[in-house]
Peer 1: 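Just dropping this structure here.
Sequence lines set the chain letters: A, B, ... in the order given, protein chains first and strands last, and positions in each chain run from 1. Hydrogens, waters and symmetry mates are skipped; everything else that's a heavy atom, side chains included, is used.
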Amino acid sequence: MVSFGTDEIISRIVEQYSSMLLHLAASRLDSPADAEDAVQEVFLKLLTARPSFRDAEHEKAWLIRATLHRASDIRRGAEHRNLPLEELGEPAAREDAFDLLSAVRALPDKYSAVIHLYYYEGYSIKEIAKTLGLPAATVGTRLARGRERLRQMLKEDV
Amino acid sequence: MDRKTYREAFDQIPFSAGFQERTANLLRQRARELEKENKMTHFSKTKKMAVSLAAAAALLVVSVSAALVWLTPSQVAERHNQPLLAQAFAGPDAISIDETVETGDFAVTLMGLVSGEDLDTLNPDPGNAHTYAVLSLRRLDGEPLENETFDFTRYTMTPLVAGYSPTAVNNWTLGASAHGHAESGVYYYLLDTESIEKFADRTVYMAFYEGGAPSSSIFTVAEDGTISFCGDFTGVQALFTLPLDPAKADPAAADAFVRDTGLEGWSNERTRTEDDFDVERRKTEDGEELILRPRTEGGEDLRFETAEGFAAYVEAEKARLREELEAGTLSQESYDRSVQDLEEALAGVEDGSLAAAILEDGGFFTTTAPTEGTRFQVEQGTVTAAVGAQG
């Protein structure tokens, strides 16, 4: 079981996962500061909740899922507060509206998570399926549909 | 789009330079605070115990038969450092259930649940109500369950809702997270999920079972929408009906939620979704034959392997994994699990219940036969499964 709390383990976790989780959060959130907040909160949750992990892969999967949930919560929270579009970072409100980052962020959660893990982390369909707890065929379908939506958004704009 | 382009775009995001150091310092500070809080809690418990020794003596006879002491849901929340949630579990809005199902080697007890906003100290978003549920698990043979040996990820605890597909309303679509810990031989699950009260005008279940995401090999849905475990599902299983207040239902929000998942469809048939297969109808002398080809979605140009071809791949992969193990870059546990995955996949390919393709990145993709008893045929890299004549 992997536990979390000593200085050494905190250093390892932060060093090992920060970059991955920041980029993952940034696939849902426009502001790098929001992504940093999301990842910090996930690490804090790991510290306080102390979930039991079977191994390092389980630990990583938990962090990935927690980051996706937290980023979605932050995004939904901003939407609930009826922030102006430019603060939400909606693609239509930005000068670089339909660049790749904006297009990925405009995808529904279920597509962007799969797209990001596949393209940024280089995960295989099977690895994504294990990480997100989905059937491999569903991951394949979401990847294809997410990619198609990206293609349309980027093509329409570029 | 390729991975390089994607990575370059994301690598340009300007995160602050001191993030790691700042975060590690914040965590260390919080860890010290937690340690202090735990010491204080321990001290106050010790004092209270000394004061109440006389009272405890009167209960000695009872305590012999009650050696296995269960935590309350509130105490479980405390163990996860969730004081607000602990209060909520002890408050008037909490629902106490305490129903037990004996299944396999276990007694599974759904202890209680509570719903509300801002109960998680780290989830202060207004308007995001969550439901929290606590379930306990003990072995029927009396052997204690331990953190170190209990395989938390082997089981799923998830809400389900009658009238909605188990694929549409479950842990994964509700964005749930589960935490587990063992104490005094009992294992406790604390589930945190988007609020399920919106479904309260329907029968809402809490399922606990051996396995992953809900599928038609685990659950069956009756015509009236009620959900039960498949008769031939042999894993650990318990299904509790939740006494939610129907007045709290929000049918419009529930419908919108399910629609948004895009996973409304359900079939009790052991078939895969249409997403997974291209279907071709062929006329035969007896009527019509359906040929199903697993879709090669995901942009993978999948070339399916014959049993011989896949066996060669499995051998090569096992050799590679062994090298990684010996080099210390792969844990024994990861090695064992990967080898087991490979061998299970090979067994499926050999008996035709699975089709396997090797991916560009060296991994492999498998898909299961669309119906029970159907066997895949592989020819020149493509795979088909003839379902049967349709008169």
Peer 1: Measuring heavy-atom distances to chain B, does His23(A) have an atom under 4.5 Å in its side chain, in its backbone, in both, or in neither?
Peer 2: both
Peer 1: Counting heavy-atom pairs under 4.5 Å to chain A, which of Thr173(B), Thr167(B), Asp11(B) comes out on top?
Peer 2: Asp11(B)
Peer 1: May I ask you to check whether Glu59(A) and Tyr17(A) show a side-chain donor-acceptor distance below 3.5 Å?
Peer 2: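 Indeed, the side chains of Glu59(A) and Tyr17(A) share at least one donor-acceptor pair under 3.5 Å.
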Peer 1: Out of Thr156(B), Thr23(B), Thr5(B), which one racks up the most heavy-atom pairs below 4.5 Å with chain A?
Peer 2: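 Option with the top pair count is Thr23(B).
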Peer 1: Exactly one of Asp73(A), Thr67(A), Asp34(A), Asp109(A) should register a side chain to side chain donor-acceptor pair (under 3.5 Å) with Arg28(A). Which one does?
Peer 2: Asp109(A)
Peer 1: Non-hydrogen atoms of chain A under 4.5 Å away: do they reach the side chain of Asn171(B), the backbone, both or neither?
Peer 2: neither
Peer 1: Which atoms of Val104(A) come close to chain B, meaning under 4.5 Å heavy atom to heavy atom: side chain ones, backbone ones, both, or neither?
Peer 2: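 Side chain of Val104(A) only, per the 4.5 Å heavy-atom cut-off to chain B.
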Peer 1: Can you name the residues that form a side-chain hydrogen bond (donor to acceptor under 3.5 Å, both in side chains) with Glu324(B), not counting sequence neighbours?
Peer 2: Arg320(B)
Peer 1: Quick check on the interface: out of Leu150(A), Val114(A), Ile115(A), who has the most heavy-atom pairs with chain B under 4.5 Å?
Peer 2: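 Heavy-atom pair counts peak at Ile115(A).
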Peer 1: Pick whichever of Gln12(B), Arg22(B), Glu21(B) has the most heavy-atom pairs under 4.5 Å with chain A.
Peer 2: Arg22(B)
Peer 1: Between Ala103(A) and Leu154(A), what is the shortest heavy-atom contact and its length?
Peer 2: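 Looking at all heavy atoms of both residues, the closest pair is CB-CD2, 4.1 Å.
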Peer 1: Indicate the atoms forming the closest heavy-atom contact of Val39(A) with Ala25(A), along with that distance.
Peer 2: CG2-CB, 4.2 Å
Peer 1: For Phe10(B) and Tyr119(A): C-alpha separation, side-chain torsions, deciding distance, then whether ring pair (Phe, Tyr, Trp, His ring centres under 6.0 Å) applies.
Peer 2: CA-CA 10 Å; Phe10(B) 272 80; Tyr119(A) 281 102; over 10 Å; no
Peer 1: Is any side-chain N of the basic residue among Lys4(B) and Glu8(B) closer than 4.0 Å to the acidic one's carboxylate O?
Peer 2: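 A salt bridge links Lys4(B) with Glu8(B).
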Peer 1: With a 4.5 Å cut-off on heavy-atom pairs, point out which of Glu121(A), Lys110(A), Glu15(A), Glu36(A) contacts chain B the most.
Peer 2: Glu36(A)
Peer 1: Heavy-atom distances under 4.5 Å only: say whether Ser27(A) touches chain B with side chain, backbone, both or neither.
Peer 2: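 Both parts, backbone and side chain.
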Peer 1: Select one option (side chain, backbone, both, neither) describing which atoms of Ala35(A) are under 4.5 Å from chain B's heavy atoms.
Peer 2: side chain
